[in-house]
Engineer: 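My questions will all concern the structure given below.
Because the structure is a prediction, the values reported are computed rather than measured. Below, each value reflects all heavy atoms present in this structure, side chains not excepted, and no hydrogens, waters or symmetry copies.
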Amino acid sequence: MNLVRKMLWSAIGAAALAAPAVAQAPSALSSLQPGMWQLRSTGGSGAGRSICIRTAEQLLQIQHQTRNCQRRTLGSTSNSVTVRYECGGGVWGQTQLNVETPRLARIDTQGISGGAPFHNYYEARRTGACG
């Protein structure tokens with residue numbers, strides 16, 4: 001009986017620890033519209049780049065879009081969210097996203113990519129539907 005009880009409590013504990021990993025997206029992201037977004041660096045020059053955003057969470061991981069990373073919310077309000085993500089192999093990032101309107105956000109992201117540090121500021125503006 002004691003062994004069965006220990007196994008049951010162990011399973012309950014494991015389920016409780018797994019719960020935060022599937023937490024809902026921060027409320028600040030819920031107002032952002034999916035579609036084609038133009039990212040312009042606010043710290044330099046250039047035309048920027050366009051990306052198709054299916055979920056607003058993609059804007060939290062711009063530098064490592066194609067990587068499967070573990071994300072943790074550090075702070076969240078109705079119009080701002082700060083997350084830290086780790087992708088393994090020393091690759092990580094931290095992003096603060098401020099929602100101005102459902103079609104405009106400001107992004108401050110920094111971390112390590114390709115063994116080197118990065119720190120970028122973007123203005124993200126929705127330009128239309130994905131093609």
Engineer: Is there a side-chain contact between S80 and Q96 (heavy atoms, below 4.5 Å)?
Structural biologist: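 Side-chain contact under 4.5 Å: yes.
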Engineer: Quick one: side-chain hydrogen bond (donor to acceptor under 3.5 Å, both in side chains) partners of T82, sequence neighbours excluded?
Structural biologist: none
Engineer: How would you list, by chain and number, every residue that makes a side-chain hydrogen bond (donor to acceptor under 3.5 Å, both in side chains) with Q61, sequence neighbours excluded?
Structural biologist: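 Partners of Q61 by the side-chain hydrogen bond (donor to acceptor under 3.5 Å, both in side chains) criterion, ordered by chain and then number, come out as R71.
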Engineer: Please list all pairs passing the disulfide bond (SG atoms under 2.5 Å apart) test where one or both residues lie in residues 90-131, with sequence neighbours left out.
Structural biologist: C52-C130
Engineer: Enumerate the residue pairs fulfilling ring-ring contact (aromatic ring centres under 6.0 Å, His included) with a member in residues 66-114, sequence neighbours excluded, ordered by first and then second residue.
Structural biologist: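 Residue pairs with at least one partner in residues 66-114: H64-Y85.
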Engineer: Applying salt bridge (charged side-chain N to carboxylate O under 4.0 Å, His left out), which residue pairs with at least one partner in residues 106-115 are found, sequence neighbours left out?
Structural biologist: E100-R106, R106-E123
Engineer: Quick one: does V91's side chain get under 4.5 Å of I112's, heavy atoms only?
Structural biologist: no
Engineer: Is any side-chain heavy atom of L74 less than 4.5 Å from a side-chain heavy atom of R72?
Structural biologist: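 In contact.
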Engineer: Sequence neighbours left out, what passes side-chain hydrogen bond (donor to acceptor under 3.5 Å, both in side chains) with Q63? Give chain and number order.
Structural biologist: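 Expected list: N120.
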Engineer: Are side-chain heavy atoms of I53 and L32 found at a separation under 4.5 Å?
Structural biologist: no
Engineer: Could you work out, with side chain to side chain contact (heavy atoms under 4.5 Å, CB included) as the rule, every residue matching S31, not counting sequence neighbours?
Structural biologist: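 Scan of S31 (side chain to side chain contact (heavy atoms under 4.5 Å, CB included), adjacent residues dropped) gives V99.
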Engineer: Can you sort out the partners of R84 under salt bridge (Lys or Arg N to Asp or Glu O under 4.0 Å), two or more places apart, ordered by chain and number?
Structural biologist: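 So R84 forms a salt bridge (Lys or Arg N to Asp or Glu O under 4.0 Å) with E86.
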Engineer: Mind jotting down which residue pairs meet the disulfide bond (SG atoms under 2.5 Å apart) criterion with at least one end in residues 54-86? Sequence neighbours excluded, please.
Structural biologist: C69-C87
Engineer: Between M36 and Y122, is there shared hydrophobic-cluster membership here, with clusters defined by ILVMFWY side-chain heavy atoms closer than 4.5 Å?
Structural biologist: no
Engineer: Among residues at least two apart in sequence or on other chains, which ones pass side chain to side chain contact (heavy atoms under 4.5 Å, CB included) with S78?
Structural biologist: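 S78 satisfies side chain to side chain contact (heavy atoms under 4.5 Å, CB included) with no residue once adjacent residues are dropped.
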Engineer: In chain order, what residues pass the side-chain hydrogen bond (donor to acceptor under 3.5 Å, both in side chains) check against R126, with sequence neighbours excluded?
Structural biologist: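 If we apply the side-chain hydrogen bond (donor to acceptor under 3.5 Å, both in side chains) test to R126, skipping adjacent residues, there are no hits.
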